[in-house]
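One structure is given below, encoded as C-alpha cells.
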Amino acid sequence: MESKYLILLFVSYSVSAVNSVVLEDPEDVTAVEGDPATLVCRVDTDNVKWYKDGVEMKNEDDEEIFQLPDGSLFFLSSRQHDTALYNCASVGVDGEIFMSQPAALIVYGEIHVDTIHVKETTFQAIEREAEEFSMG
C-alpha cells in the first residue's frame, strides 16, 4: 500500500526596520547668564526631539535656542529661565520615541564683584596707636 503525502510549507517572514536609539546621552551643563551653552545628544537618525522638563520644545519660536545638525541643543545666550532638565529623543521609523537620560542645564546670574569698604578693626586701631605712640 502506497501512501502519498502532500506537505505544504509556508514560510513567512517580515523585515522590520531597526528602530533608532540614543547613542550619547546629554550631560549636565552649567553656564553664566548670557554665555552660550550646548547640550550634546547623539542619535542614529535625523529625527531628534528635545524635551524641557518633560514638555516637547518648539525651538522655532525662540531665536536664542537652536538644534544643531548633529542633534545637539545650542543656547546662543543662556538665560536663567533656561534652567531645567532636558531630554533628547530619537524617533523611530514607526514613531516610537526613545528618550535619553535627563541632563540639567543650570544658568547662574551674572557675578558682580563689589568693593566693600571695611571700617578699621580694633586690632588695626591698636596697631596704629602703638605706632603713633612709639614715634611720638
Side-chain angles (χ1 to χ4, degrees):
M1 182 170 169
E2 194 175 308
S3 298
K4 292 189 178 184
Y5 293 95
L6 176 62
I7 299 176
L8 296 175
L9 180 61
F10 292 97
V11 177
S12 174
Y13 68 93
S14 65
V15 177
S16 61
V18 176
N19 272 316
S20 65
V21 293
V22 175
L23 301 173
E24 181 181 344
D25 290 318
E27 294 183 5
D28 296 345
V29 173
T30 58
V32 175
E33 187 171 24
D35 286 353
T38 304
L39 291 169
V40 176
C41 178
R42 302 269 190 268
V43 297
D44 63 353
T45 181
D46 292 336
N47 198 355
V48 180
K49 293 183 180 193
W50 278 93
Y51 294 82
K52 178 181 179 182
D53 290 331
V55 178
E56 185 177 347
M57 297 178 66
K58 303 292 184 200
N59 297 334
E60 55 273 357
D61 298 338
D62 195 327
E63 296 177 358
E64 297 286 324
I65 303 174
F66 304 93
Q67 186 169 317
L68 300 176
D70 70 354
S72 297
L73 195 62
F74 179 71
F75 297 81
L76 181 62
S77 178
S78 57
R79 300 160 292 196
Q80 286 188 336
H81 71 266
D82 293 327
T83 296
L85 286 178
Y86 291 85
N87 298 80
C88 69
S90 175
V91 182
V93 293
D94 60 355
E96 188 173 0
I97 296 175
F98 298 89
M99 192 77 69
S100 72
Q101 294 296 316
L105 172 61
I106 301 170
V107 180
Y108 295 100
E110 290 187 41
I111 300 170
H112 298 283
V113 178
D114 294 327
T115 305
I116 300 172
H117 298 284
V118 179
K119 291 184 177 180
E120 186 177 50
T121 65
T122 304
F123 181 74
Q124 290 169 330
I126 292 170
E127 271 188 333
R128 184 181 45 75
E129 287 178 7
E131 277 183 30
E132 289 173 359
F133 180 75
S134 67
M135 292 166 56

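Judged as a side-chain contact (heavy atoms from CB on, under 4.5 Å), and not counting sequence neighbours, the contacts of Glu56 are Lys49, Tyr51, Lys58.
The two atoms that bring Leu105 and Leu39 nearest to each other are CB-CD1, 4.5 Å, heavy atoms only. In plain terms, the two heavy atoms of Met99 and Ala89 that are nearest each other are SD-CB, 4.0 Å. Among all heavy-atom pairs drawn from Pro36 and Ala31, the shortest one is O-CB, 4.4 Å. Nearest approach of Glu33 to Gly109, heavy atoms of both residues: OE1-CA, 3.9 Å. Contact between Tyr108 and Gln80 at its shortest, heavy atoms only, is C-NE2, 3.6 Å.
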Side-chain donor-acceptor pairs under 3.5 Å in residues 64-76, sequence neighbours left out?
from  : atom 1 : to    : atom 2 : distance (Å)
Glu64 : OE1    : Ser77 : N      : 3.4
Gln67 : NE2    : Val48 : O      : 3.4
Asp70 : OD1    : Ser72 : N      : 2.9
Asp70 : OD1    : Ser72 : OG     : 3.0
Asp70 : OD2    : Arg42 : NH1    : 2.5
Asp70 : OD2    : Ser72 : OG     : 3.4
Ser72 : OG     : Cys41 : N      : 3.4

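The backbone N or O of Ser100 lies less than 3.5 Å from no partner atom in the side chain of Asp25, so there is not a single donor-acceptor pair. A distance-only check finds a donor-acceptor pair linking the side chain of Asp53 to the backbone of Leu85 [under 3.5 Å]. Side chain of Thr30 to backbone of Ile106: no donor-acceptor contact under 3.5 angstrom is found.
Residues Val22 and Val43 are in side-chain contact: their nearest non-hydrogen atoms beyond the backbone lie under 4.5 Å apart.
In the hydrophobic clustering of this structure, Met57 does not group with Val40; members are Ile, Leu, Val, Met, Phe, Trp, Tyr whose side-chain heavy atoms approach within less than 4.5 Å, directly or through other members.
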